[in-house]
Student: 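Structure below; questions to follow.
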Amino acid sequence: MRAVTGHRADRSVRLVTITRGGRQHAVLRMLVGTVVALLLVGCAPSAAKIADVPTNLKPTAPPEPDPVAGVVTLTVESVSNTRPLGLGSARAADDEAIQGAVDAIAAWLDRHLDLLQRGGDGALADIAADGLADPDGHATTALASADRHVASAAYLVTVLHDGAPQLAAVEVTVVHRDGGTAAAELLFAVDGGEPVLTLFGPRKDQA
Amino acid sequence: MIRRRLAVMVLVVLQVILLATASVAAAARWTSLSLPGGTYTLLVMGSDMGPYRSGTVFDGRADTLQLIVIDESRTKVTIVSFPRDTWVPVRGRGNARINELLRPGPEAAMGTIQDLTGLTVDDWIVTTFAGFIFGIDDFGGVNVDVETRLNNTGTGSGADRVVLEPGPQLLEGREALGYSRDRKSRPGGDFGRTAAAGTMLQSLHRDLIERAESPVDLVQFVAALRSNTESSLSTDRLLRLASLAVSIDPDDVVQVTVPGRAGMAGSASVVFMSDSAQQIFAELRQHGSMPAHR
């Protein structure tokens with residue numbers, strides 16, 4: 001099971017966060033993602049390897065990219081708020097199912113980014129809804145390529161649940177070895193425990 | 001002073017236009033699948049039960065009843081608003097006011113609207129007074145251009161109570177409920193209130209376009225909706241619908257109130273649908289939109 005940082009938003013917190021502070025909250029989360037990703041660059045193995053290369057050797061093939069292991073920050077919000085409908089108590093979160101969905105998404109993102117930095121097309125087809133392609137490259141070529149290896153990646157995941165997970169929103173921030181960054185936002189519907197990529201696009205500050 | 005005010009107003013209008021344009025442009029860069037083919041219809045119901053009155057959302061009468069019709073091109077939307085006293089055959093109830101359609105259950109409610117209009121109803125969504133209030137507040141309020149002074153200080157459940165001056169303003173949940181339900185301050189009575197409920201949906205659509213600047217913003221909208229409604233919409237379909245809504249120009253959303261005339265059914269004061277109502281339904285069956293759209 002992947003280690004995550006994060007918090008749960010109970011009903012009262014969620015109301016405040018979403019209604020009045022939603023936009024500030026989103027901006028703050030973006031900043032956190034970028035800062036986390038940038039901090040990770042300093043301790044990424046690839047950074048040390050590049051610095052250690054002796055300068056008196058003959059030019060060799062470009063270094064192999066390191067496997068990607070993004071850092072997950074998780075927020076869980078309940079949408080099982082049945083009291084305004086007179087339908088009784090909210091359903092308790094199924095933690096195991098939520099963690100399973102988050103693990104599946106993070107593992108897919110790691111694999112997807114790894115394939116991209118090795119010159120492939122990524123693994124979009126493995127998780128995308130039938131027929132969902134990426135003609136503009138927001139979820140693929142914008143994130144990594146053979147020329148832009150991943151130094152670190154941060155996944156800010158928000159899961160909405162009504163007991164079982166329903167929806168996962170992921171803000172992906174990638175820092176490349178050359179210091180550049182890339183980002184995208186991806187929304188997954190989680191039906192029957194399996195995440196399916198339904199919608200994606202550029203992050204707000206890049207739109 | 002007048003020039004200054006005028007300049008400020010022009011600036012505000014320009015800002016709103018720029019924001020809306022930027023959001024629509026952002027939405028155009030999102031990638032998602034659309035809804036399955038053909039005309040899509042969503043039945044939107046506001047139940048008068050739930051907190052503030054006893055019972056659950058399904059025990060109530062659907063005092064607000066709107067059918068949202070999206071044409072096959074996914075560019076034109078028609079909001080068909082039904083006056084709550086319209087006297088029609090209701091599945092499981094016989095001839096009754098149309099607001100009785102929820103009591104036999106939401107599936108039967110869809111059936112009643114299908115019988116009435118000849119349109120296939122794809123999904124339903126329902127909320128209560130409290131759900132509506134919380135939902136609007138979770139959304140951050142709603143900007144409405146109030147068409148006339150509303151001054152209803154009556155008693156009862158208090159759901160209709162509202163005092164609002166005319167003009168554009170941001171309404172919080174309780175004010176938005178009063179705006180949608182008040183029929184005593186409006187010249188058209190129940191017809192006026194029915195039209196106002198449609199205006200409320202149009203206002204929410206405009207605000208969604210302005211506020212949804214990125215895919216993750218849609219999550220806040222979905223959370224507000226999911227937390228305060230019951231519906232047949234799967235998460236996947238809800239996301240597709242939200243994404244589609246952001247890409248539709250507000251000027252391509254029209255609202256029509258089902259025409260009728262007041263009358264009596266026994267001792268009950270009701271509304272009988274006019275013949276022209278069938279013309280509206282026929283247009284929507286054939287084209288998925290109204291002639292003014294085409």
Side-chain angles (χ1 to χ4, degrees), chain A residues 9 11 14-15 17-23 25-26 29-30 77-88 90 128-136 138-139 156 158 160 162 165-171 184-191 196-207, chain B residues 22-23 25-33 47 49-60 126-141 172-173 211 213-230 234-240 242-243:
Chain A
R11 172 68 191 156
R14 190 188 66 74
L15 270 175
T17 303
I18 289 180
T19 56
R20 301 297 174 210
R23 192 150 297 173
H25 183 61
R29 283 169 54 79
M30 261 188 276
E77 295 179 2
S78 172
V79 290
S80 170
N81 179 32
T82 47
R83 277 171 299 171
L85 308 175
L87 295 174
D130 288 344
L132 187 66
D134 187 18
D136 299 324
H138 294 308
L156 294 181
T158 302
L160 304 185
D162 69 353
Q166 294 289 304
L167 171 66
V170 184
E171 297 173 61
E185 296 186 354
L186 301 93
L187 302 188
F188 299 84
V190 186
D191 286 326
V196 177
L197 183 61
T198 300
L199 186 152
F200 56 84
R203 204 173 60 183
K204 187 182 298 187
D205 55 355
Q206 299 176 329
Chain B
S23 294
R29 287 199 289 274
W30 303 353
T31 305
S32 70
L33 293 176
S47 168
M49 287 296 180
Y52 304 122
R53 284 183 182 169
S54 60
T56 76
V57 63
F58 297 116
D59 297 328
V126 62
T127 191
T128 59
F129 293 158
F132 183 81
I133 291 170
F134 285 137
I136 294 293
D137 285 340
D138 283 0
F139 187 57
E172 57 184 36
R211 293 170 193 177
E213 294 176 12
S214 76
V216 168
D217 287 342
L218 283 186
V219 174
Q220 308 302 338
F221 172 69
V222 170
L225 208 57
R226 273 272 188 255
S227 293
N228 298 291
T229 61
E230 283 285 304
S234 67
T235 305
D236 173 55
R237 184 166 284 198
L238 184 54
L239 274 177
R240 292 185 191 200
S243 171

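Sequence lines set the chain letters: A, B, ... in the order given, protein chains first and strands last, and positions in each chain run from 1. The basis for the numbers below is simple: all heavy atoms, side chains too, and nothing from hydrogens, waters or symmetry mates.
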Student: Can you tell which part of B:Ser47 gets under 4.5 Å to a heavy atom of chain A, answering side chain, backbone, both or neither?
Tutor: neither

Student: Do we see a donor-acceptor contact under 3.5 Å between the side chains of B:Thr229 and B:Thr127?
Tutor: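 Short answer, no.
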
Student: Select one option (side chain, backbone, both, neither) describing which atoms of A:Asp162 are under 4.5 Å from chain B's heavy atoms.
Tutor: neither

Student: Go through the structure and list residues passing side chain to side chain contact (heavy atoms under 4.5 Å, CB included) with A:Ala184, not counting sequence neighbours.
Tutor: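 Result, side chain to side chain contact (heavy atoms under 4.5 Å, CB included) vs A:Ala184: A:Leu143, A:Leu186.
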
Student: Roughly how far apart are B:Glu230 CD and B:Phe58 CZ, rounded to 0.5 Å?
Tutor: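 Going from CD on B:Glu230 over to CZ on B:Phe58, the span is 5.0 Å.
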
Student: Heavy-atom cut-off 4.5 Å, strictly under: side chain, backbone, both or neither for B:Leu218 against chain A?
Tutor: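 Side chain only.
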
Student: Under 4.5 Å, counting heavy-atom pairs only, tell me which of B:Leu225, B:Leu238, B:Val126, B:Leu33 racks up the most with chain A.
Tutor: B:Leu33

Student: Taking A:Glu185 for its side chain and B:Val216 for its backbone only, find out whether a donor-acceptor pair lies under 3.5 Å.
Tutor: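 Present.
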
Student: Tell me, side chain or backbone of A:Ala133 under 4.5 Å from chain B's heavy atoms, or both, or neither?
Tutor: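 The answer is the backbone of A:Ala133.
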
Student: So, B:Asp236 side chain and A:Ala189 main chain: donor-acceptor pair closer than 3.5 Å or not?
Tutor: no

